[in-house]
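Ligands are counted one by one from 1 in listed order, and the atoms in each one are counted from 1 as well.
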Amino acid sequence: MTNPHGTGVTVLGLGAMGSALAAALLDADHETTVWNRTPERAAGLAARGAKPASSIGEAVTAHQLVIACLLDHASVHETLDPVIGRMRGSALVNLTTTTPNEARELATWAAAHGVDYLDGAIMATPPMIGTPAASILYSGSDEVFAATRPVLDRWATSTYDGEDSGLASLFDLAMLSGMYTMFAGFLHGAAMAGSVGVSATEFAARATPFLSAMTAGFAHDAAVIDRGDYTVPGQQSLDFSDLSHIVRASEEQGVDPAPIAAVQVLISRQIAEGHGAEGFARLYESLRADRADLTEVAR
Ligand code: FVH
(Lines give C-alpha, C1' and ligand atoms only; values in the text may rest on other atoms or scores of the structure.)
Protein backbone atom coordinates (compact mmCIF):
# COMPACT_ATOMS: atom_id res chain seq x y z
CA MET A 1 0.00 0.00 0.00
CA THR A 2 1.39 3.45 -0.83
CA ASN A 3 1.54 5.85 2.06
CA PRO A 4 -1.12 8.56 1.63
CA HIS A 5 0.66 10.44 4.38
CA GLY A 6 3.84 10.89 2.28
CA THR A 7 7.36 9.77 3.13
CA GLY A 8 8.35 12.60 5.46
CA VAL A 9 7.91 12.07 9.18
CA THR A 10 7.57 14.36 12.20
CA VAL A 11 8.86 13.06 15.52
CA LEU A 12 7.59 14.77 18.68
CA GLY A 13 9.62 14.12 21.82
CA LEU A 14 13.38 13.76 21.72
CA GLY A 15 14.05 11.96 24.96
CA ALA A 16 16.14 8.79 24.89
CA MET A 17 13.55 6.85 22.88
CA GLY A 18 12.27 9.62 20.59
CA SER A 19 15.87 10.46 19.63
CA ALA A 20 16.58 6.80 18.80
CA LEU A 21 13.45 6.64 16.62
CA ALA A 22 14.37 9.84 14.78
CA ALA A 23 17.97 8.70 14.31
CA ALA A 24 16.79 5.43 12.73
CA LEU A 25 14.65 7.39 10.28
CA LEU A 26 17.58 9.62 9.36
CA ASP A 27 19.74 6.51 8.84
CA ALA A 28 17.09 5.33 6.36
CA ASP A 29 17.08 8.71 4.56
CA HIS A 30 13.55 9.69 5.61
CA GLU A 31 12.92 13.41 5.62
CA THR A 32 12.54 13.93 9.36
CA THR A 33 11.22 16.96 11.21
CA VAL A 34 11.78 16.93 14.95
CA TRP A 35 10.30 18.85 17.85
CA ASN A 36 10.99 18.79 21.56
CA ARG A 37 9.56 20.85 24.41
CA THR A 38 13.15 21.71 25.33
CA PRO A 39 14.48 22.69 21.89
CA GLU A 40 18.19 22.17 22.71
CA ARG A 41 17.68 18.41 22.60
CA ALA A 42 17.22 18.60 18.81
CA ALA A 43 20.79 19.78 18.17
CA GLY A 44 22.40 16.35 17.74
CA LEU A 45 19.70 15.17 15.34
CA ALA A 46 19.86 18.44 13.39
CA ALA A 47 23.58 17.83 12.87
CA ARG A 48 22.63 14.48 11.32
CA GLY A 49 20.13 16.04 8.91
CA ALA A 50 16.88 16.37 10.86
CA LYS A 51 14.89 19.59 10.49
CA PRO A 52 14.06 21.07 13.92
CA ALA A 53 10.62 22.71 13.94
CA SER A 54 10.51 26.10 15.60
CA SER A 55 7.05 25.46 17.05
CA ILE A 56 4.70 22.56 17.68
CA GLY A 57 2.37 24.01 15.01
CA GLU A 58 5.17 23.95 12.45
CA ALA A 59 6.06 20.39 13.50
CA VAL A 60 2.59 18.87 13.07
CA THR A 61 1.96 20.57 9.73
CA ALA A 62 5.37 19.70 8.23
CA HIS A 63 4.26 16.13 7.40
CA GLN A 64 1.09 14.10 7.50
CA LEU A 65 2.70 11.35 9.54
CA VAL A 66 3.30 12.48 13.13
CA ILE A 67 5.04 10.24 15.66
CA ALA A 68 4.65 11.09 19.35
CA CYS A 69 7.09 9.64 21.86
CA LEU A 70 6.49 11.72 24.96
CA LEU A 71 6.51 10.98 28.65
CA ASP A 72 2.92 9.94 29.30
CA HIS A 73 -0.74 10.41 28.35
CA ALA A 74 -0.95 13.87 29.96
CA SER A 75 2.07 15.14 28.02
CA VAL A 76 0.49 14.01 24.72
CA HIS A 77 -2.57 16.14 25.44
CA GLU A 78 -0.46 19.01 26.74
CA THR A 79 1.56 18.97 23.52
CA LEU A 80 -1.16 18.34 20.94
CA ASP A 81 -4.33 19.91 22.37
CA PRO A 82 -3.34 23.37 21.10
CA VAL A 83 -2.67 22.12 17.53
CA ILE A 84 -4.89 19.07 16.97
CA GLY A 85 -7.24 21.26 14.93
CA ARG A 86 -4.46 21.73 12.39
CA MET A 87 -3.86 17.99 11.94
CA ARG A 88 -7.05 17.02 10.07
CA GLY A 89 -6.20 14.29 7.51
CA SER A 90 -2.93 13.39 9.25
CA ALA A 91 -1.94 10.13 10.90
CA LEU A 92 -0.83 10.17 14.53
CA VAL A 93 1.27 7.20 15.68
CA ASN A 94 1.58 7.46 19.45
CA LEU A 95 4.46 5.48 20.93
CA THR A 96 4.13 7.08 24.35
CA THR A 97 3.39 4.55 27.09
CA THR A 98 -0.21 4.86 28.26
CA THR A 99 -2.80 2.59 29.83
CA PRO A 100 -5.19 0.83 27.42
CA ASN A 101 -8.02 3.22 28.31
CA GLU A 102 -5.76 6.23 27.84
CA ALA A 103 -4.90 4.95 24.36
CA ARG A 104 -8.60 4.51 23.58
CA GLU A 105 -9.29 8.03 24.81
CA LEU A 106 -6.58 9.40 22.52
CA ALA A 107 -8.01 7.47 19.56
CA THR A 108 -11.49 8.90 20.18
CA TRP A 109 -10.11 12.42 20.64
CA ALA A 110 -7.99 12.15 17.47
CA ALA A 111 -10.95 10.82 15.44
CA ALA A 112 -13.09 13.75 16.60
CA HIS A 113 -10.51 15.99 14.92
CA GLY A 114 -10.25 13.95 11.71
CA VAL A 115 -6.90 12.39 12.65
CA ASP A 116 -6.23 8.67 12.10
CA TYR A 117 -4.77 7.14 15.26
CA LEU A 118 -2.42 4.20 15.68
CA ASP A 119 -1.16 3.34 19.14
CA GLY A 120 2.20 1.69 19.66
CA ALA A 121 3.97 -0.03 22.54
CA ILE A 122 7.73 -0.29 22.31
CA MET A 123 9.18 -3.57 23.57
CA ALA A 124 12.77 -2.39 23.38
CA THR A 125 15.29 -0.01 24.88
CA PRO A 126 16.65 2.92 22.83
CA PRO A 127 19.90 1.14 21.73
CA MET A 128 17.81 -1.76 20.37
CA ILE A 129 15.87 0.47 17.94
CA GLY A 130 16.70 -0.49 14.36
CA THR A 131 18.08 -3.90 15.38
CA PRO A 132 16.40 -7.32 14.98
CA ALA A 133 15.99 -7.53 18.77
CA ALA A 134 13.45 -4.70 18.84
CA SER A 135 9.72 -5.29 18.73
CA ILE A 136 6.88 -2.75 18.62
CA LEU A 137 3.22 -3.68 19.06
CA TYR A 138 0.53 -1.63 17.34
CA SER A 139 -3.24 -1.34 17.57
CA GLY A 140 -5.79 1.10 16.23
CA SER A 141 -6.15 2.17 12.60
CA ASP A 142 -5.26 -0.77 10.34
CA GLU A 143 -5.05 1.65 7.42
CA VAL A 144 -2.36 3.71 9.12
CA PHE A 145 -0.51 0.54 10.11
CA ALA A 146 -0.53 -0.79 6.54
CA ALA A 147 0.34 2.54 4.94
CA THR A 148 3.20 3.39 7.28
CA ARG A 149 4.88 -0.04 7.49
CA PRO A 150 7.93 1.19 5.53
CA VAL A 151 8.51 3.71 8.31
CA LEU A 152 7.51 1.52 11.26
CA ASP A 153 9.68 -1.38 10.10
CA ARG A 154 12.79 0.83 10.28
CA TRP A 155 12.56 0.65 14.05
CA ALA A 156 11.61 -2.89 14.94
CA THR A 157 9.59 -5.94 14.07
CA SER A 158 6.09 -4.50 13.81
CA THR A 159 3.11 -6.51 15.10
CA TYR A 160 -0.49 -5.39 14.59
CA ASP A 161 -2.83 -6.49 17.37
CA GLY A 162 -6.16 -5.20 16.09
CA GLU A 163 -8.39 -2.16 15.76
CA ASP A 164 -8.98 -1.68 19.49
CA SER A 165 -6.42 1.06 20.20
CA GLY A 166 -5.91 -0.21 23.73
CA LEU A 167 -4.61 -3.66 22.81
CA ALA A 168 -0.96 -2.80 22.13
CA SER A 169 -0.76 -1.11 25.52
CA LEU A 170 -2.56 -4.00 27.18
CA PHE A 171 -0.10 -6.60 25.84
CA ASP A 172 2.82 -4.32 26.72
CA LEU A 173 1.73 -3.75 30.30
CA ALA A 174 0.72 -7.38 30.79
CA MET A 175 4.20 -8.51 29.77
CA LEU A 176 5.83 -5.84 31.91
CA SER A 177 3.72 -7.01 34.84
CA GLY A 178 5.20 -10.49 34.41
CA MET A 179 8.69 -9.07 34.09
CA TYR A 180 8.57 -6.78 37.12
CA THR A 181 7.02 -9.46 39.31
CA MET A 182 9.75 -11.89 38.25
CA PHE A 183 12.47 -9.32 38.96
CA ALA A 184 10.96 -8.55 42.37
CA GLY A 185 11.07 -12.29 43.10
CA PHE A 186 14.70 -12.42 42.05
CA LEU A 187 15.58 -9.43 44.26
CA HIS A 188 13.78 -11.01 47.19
CA GLY A 189 15.80 -14.19 46.70
CA ALA A 190 18.99 -12.15 46.44
CA ALA A 191 18.15 -10.42 49.74
CA MET A 192 17.57 -13.79 51.42
CA ALA A 193 20.93 -15.09 50.14
CA GLY A 194 22.51 -11.76 51.04
CA SER A 195 21.40 -12.21 54.65
CA VAL A 196 24.22 -14.78 55.02
CA GLY A 197 26.75 -12.80 53.03
CA VAL A 198 26.18 -14.31 49.56
CA SER A 199 26.74 -11.64 46.93
CA ALA A 200 23.94 -10.76 44.54
CA THR A 201 26.29 -11.67 41.69
CA GLU A 202 26.73 -15.20 43.01
CA PHE A 203 23.01 -15.55 43.61
CA ALA A 204 22.26 -14.37 40.07
CA ALA A 205 24.66 -16.96 38.64
CA ARG A 206 22.85 -19.71 40.54
CA ALA A 207 19.30 -18.44 40.02
CA THR A 208 19.44 -17.63 36.30
CA PRO A 209 19.55 -21.19 34.89
CA PHE A 210 16.92 -22.37 37.37
CA LEU A 211 14.50 -19.52 36.72
CA SER A 212 15.06 -19.74 32.96
CA ALA A 213 14.17 -23.44 33.03
CA MET A 214 11.04 -22.71 35.05
CA THR A 215 9.61 -20.48 32.30
CA ALA A 216 8.92 -23.67 30.33
CA GLY A 217 6.02 -24.10 32.75
CA PHE A 218 4.18 -21.08 31.30
CA ALA A 219 2.87 -23.07 28.34
CA HIS A 220 1.65 -25.89 30.57
CA ASP A 221 -0.15 -23.54 32.96
CA ALA A 222 -1.62 -21.64 30.01
CA ALA A 223 -3.10 -24.84 28.58
CA VAL A 224 -4.67 -25.66 31.97
CA ILE A 225 -6.12 -22.13 32.30
CA ASP A 226 -7.54 -22.18 28.78
CA ARG A 227 -9.20 -25.56 29.45
CA GLY A 228 -10.52 -24.19 32.74
CA ASP A 229 -9.87 -27.50 34.46
CA TYR A 230 -7.40 -27.22 37.33
CA THR A 231 -7.97 -30.84 38.40
CA VAL A 232 -5.98 -32.31 35.50
CA PRO A 233 -3.59 -34.93 36.98
CA GLY A 234 0.15 -34.21 37.04
CA GLN A 235 -0.10 -30.66 38.40
CA GLN A 236 1.49 -29.49 41.63
CA SER A 237 -1.46 -28.99 43.98
CA LEU A 238 -2.12 -25.76 45.89
CA ASP A 239 -2.00 -27.67 49.21
CA PHE A 240 1.50 -28.81 48.24
CA SER A 241 2.38 -25.27 47.08
CA ASP A 242 1.78 -23.62 50.45
CA LEU A 243 4.59 -21.06 50.72
CA SER A 244 4.27 -20.10 54.38
CA HIS A 245 7.65 -21.76 55.07
CA ILE A 246 9.32 -19.36 52.58
CA VAL A 247 7.55 -16.40 54.20
CA ARG A 248 8.74 -17.65 57.61
CA ALA A 249 12.30 -18.26 56.39
CA SER A 250 12.42 -14.76 54.94
CA GLU A 251 11.29 -13.25 58.24
CA GLU A 252 13.79 -15.41 60.17
CA GLN A 253 16.56 -14.00 57.96
CA GLY A 254 15.36 -10.45 58.59
CA VAL A 255 14.19 -10.01 55.00
CA ASP A 256 10.85 -8.40 54.11
CA PRO A 257 8.72 -11.22 52.66
CA ALA A 258 6.43 -8.87 50.65
CA PRO A 259 6.87 -10.46 47.18
CA ILE A 260 6.44 -14.07 48.29
CA ALA A 261 3.76 -13.12 50.83
CA ALA A 262 1.71 -11.66 47.97
CA VAL A 263 1.83 -15.04 46.19
CA GLN A 264 0.88 -16.79 49.42
CA VAL A 265 -2.21 -14.54 49.70
CA LEU A 266 -3.37 -15.76 46.28
CA ILE A 267 -2.73 -19.40 47.23
CA SER A 268 -4.48 -19.09 50.59
CA ARG A 269 -7.49 -17.50 48.93
CA GLN A 270 -7.96 -20.48 46.63
CA ILE A 271 -7.38 -23.02 49.42
CA ALA A 272 -9.93 -21.19 51.59
CA GLU A 273 -12.39 -21.44 48.73
CA GLY A 274 -11.93 -25.24 48.72
CA HIS A 275 -9.51 -25.68 45.82
CA GLY A 276 -6.43 -26.96 47.70
CA ALA A 277 -6.30 -30.21 45.73
CA GLU A 278 -6.22 -28.35 42.42
CA GLY A 279 -3.19 -27.16 40.48
CA PHE A 280 -1.06 -24.05 41.01
CA ALA A 281 -2.41 -22.45 37.83
CA ARG A 282 -5.66 -21.93 39.74
CA LEU A 283 -4.08 -18.72 41.09
CA TYR A 284 -5.28 -17.25 37.81
CA GLU A 285 -8.78 -17.45 39.27
CA SER A 286 -7.62 -15.35 42.24
CA LEU A 287 -6.60 -12.64 39.81
CA ARG A 288 -9.50 -12.55 37.39
CA ALA A 289 -10.75 -9.10 36.56
CA ASP A 290 -14.34 -10.06 37.33
CA ARG A 291 -13.63 -10.78 41.00
CA ALA A 292 -15.46 -8.13 42.99
CA ASP A 293 -13.00 -8.42 45.90
CA LEU A 294 -10.09 -7.24 43.73
CA THR A 295 -11.23 -3.69 43.26
CA GLU A 296 -9.20 -2.46 46.23
CA VAL A 297 -5.90 -4.06 45.12
CA ALA A 298 -2.95 -1.64 45.45
CA ARG A 299 -2.66 0.98 42.72
N1 FVH B 1 13.40 4.43 27.27
C2 FVH B 1 12.94 3.19 27.32
O3 FVH B 1 13.68 2.24 27.45
C4 FVH B 1 11.44 2.90 27.23
C5 FVH B 1 11.15 1.68 26.41
C6 FVH B 1 9.68 1.37 26.36
C7 FVH B 1 8.86 2.60 25.96
N8 FVH B 1 9.23 3.75 26.75
C9 FVH B 1 8.31 4.87 26.63
O10 FVH B 1 8.69 5.79 25.61
C11 FVH B 1 8.26 7.10 26.00
C12 FVH B 1 9.45 8.05 25.95
O13 FVH B 1 10.49 7.52 26.72
P14 FVH B 1 11.93 8.18 26.79
O15 FVH B 1 12.86 7.12 27.20
O16 FVH B 1 12.23 8.90 25.54
O17 FVH B 1 11.70 9.21 28.00
P18 FVH B 1 12.55 10.51 28.37
O19 FVH B 1 13.97 10.35 27.96
O20 FVH B 1 12.28 10.75 29.81
O21 FVH B 1 11.92 11.67 27.49
C22 FVH B 1 10.61 12.15 27.75
C23 FVH B 1 10.20 13.05 26.63
O24 FVH B 1 8.90 13.57 26.92
C25 FVH B 1 8.98 15.01 26.91
N26 FVH B 1 8.00 15.54 27.83
C27 FVH B 1 7.83 15.23 29.11
N28 FVH B 1 6.79 15.92 29.62
C29 FVH B 1 6.32 16.71 28.63
C30 FVH B 1 5.26 17.65 28.54
N31 FVH B 1 4.47 17.90 29.59
N32 FVH B 1 5.04 18.24 27.35
C33 FVH B 1 5.85 17.99 26.29
N34 FVH B 1 6.87 17.10 26.31
C35 FVH B 1 7.09 16.48 27.48
C36 FVH B 1 10.40 15.32 27.29
O37 FVH B 1 10.68 16.65 26.88
P38 FVH B 1 11.81 17.51 27.62
O39 FVH B 1 11.76 17.17 29.08
O40 FVH B 1 13.12 17.12 27.00
O41 FVH B 1 11.45 18.92 27.33
C42 FVH B 1 11.14 14.25 26.49
O43 FVH B 1 11.22 14.59 25.13
C44 FVH B 1 7.69 6.99 27.43
O45 FVH B 1 6.29 6.94 27.36
C46 FVH B 1 8.25 5.67 27.90
O47 FVH B 1 7.42 5.03 28.86
C48 FVH B 1 10.65 4.09 26.72
Would you check whether D72 has a nitrogen or oxygen atom less than 3.5 angstrom from a nitrogen or oxygen atom of ligand 1? no
Indicate whether any N or O donor in one side chain lies under 3.5 Å from an N or O acceptor in the other, for D72 and S75. yes
Using non-hydrogen atoms of the residue, decide whether A124 is closer than 4.0 angstrom to ligand 1. yes
At less than 4.0 angstrom from any non-hydrogen atom of T125, what atoms of ligand 1 do you find? 3 (O)
Starting from atom 38 (P) of ligand 1, locate the nearest protein heavy atom and write down its residue, its atom name and how far away it is, to 0.1 Å. T38 OG1, 3.5 Å
Identify, for atom 32 (N) of ligand 1, the protein heavy atom at the shortest distance, and state residue, atom and that distance. T79 OG1, 3.5 Å
For atom 19 (O) of ligand 1, which candidate among A134, A16, G13 provides the closest heavy atom? A16
Sub-4.5 Å side-chain heavy-atom contact between M17 and L95: no
In terms of atom number and element, which parts of ligand 1 are under 4.0 angstrom from non-hydrogen atoms of N36? 37 (O), 38 (P), 40 (O), 41 (O), 42 (C), 43 (O)
Less than 3.5 Å apart, any donor N or O on the side chain of T96 or N94 sitting next to an acceptor on the other? yes
Would you say H275 and E285 are linked by a side-chain donor-acceptor pair, where the criterion is simply a distance under 3.5 Å? no
Return the residue, atom name and 0.1 Å-rounded distance of the protein heavy atom closest to atom 10 (O) of ligand 1. C69 SG, 3.8 Å
What I want to find out is whether D27 reaches R154 closely enough, with some N-O distance under 4.0 Å, to be called a salt bridge. no
Which residue supplies the protein heavy atom nearest to atom 7 (C) of ligand 1, what is that atom called, and how far is it? T97 OG1, 3.8 Å
Thinking salt bridges, do R269 and E273 make one under a 4.0 Å N-O criterion? no
Quick one: look up the protein heavy atom nearest atom 6 (C) of ligand 1 and list residue, atom name and how far away it is. I122 O, 3.4 Å
Does either side chain, that of T231 or that of E278, offer a donor lying less than 3.5 Å from an acceptor on the other one? no
Output yes when the distance from some N or O of ligand 1 to some N or O of R41 is under 3.5 Å, and no in every other case. yes
What is the ring orientation for Y138 with F145, classed by angle as parallel under 30°, tilted 30 to 60°, or perpendicular over 60°? tilted
Does an N or O from L14, backbone or side chain, lie closer than 3.5 Å to an N or O of ligand 1? yes
Please list the nearest protein heavy atom to atom 2 (C) of ligand 1 with its residue and the distance rounded to 0.1 Å. P126 CD, 3.8 Å
Can you confirm whether the side chains of D239 and S237 place a donor and an acceptor under 3.5 Å from each other? no
Ligand-residue contact atoms, ligand 1 with G18, heavy atoms, under 4.0 Å: 16 (O)
T96: numbered ligand 1 atoms lying under 4.0 Å from its heavy atoms: 45 (O)
Any idea which of H77, E40, R37, E78 brings a heavy atom closest to atom 35 (C) of ligand 1? R37
Would a single hydrophobic cluster contain both V151 and I129, if residues Ile, Leu, Val, Met, Phe, Trp and Tyr are joined by side-chain heavy-atom contacts under 4.5 Å? yes
Candidate with minimal heavy-atom separation from atom 27 (C) of ligand 1, of V11, I56, L71: L71
Kindly check if the number of other-residue, nucleotide or ligand heavy atoms within 6.0 Å of OH (Y284) is above 12? no
Among protein heavy atoms, which sits nearest to atom 16 (O) of ligand 1, and what does the distance come to when rounded to 0.1 Å? M17 N, 2.8 Å
Audit row: T131, W155, side-chain contact (heavy atoms from CB on, under 4.5 Å) steps and yes/no: CA-CA 7 Å; T131 74; W155 297 323; over 6 Å; no
Nearest protein heavy-atom contact for atom 11 (C) of ligand 1: which residue, which atom, what distance? L70 O, 3.1 Å
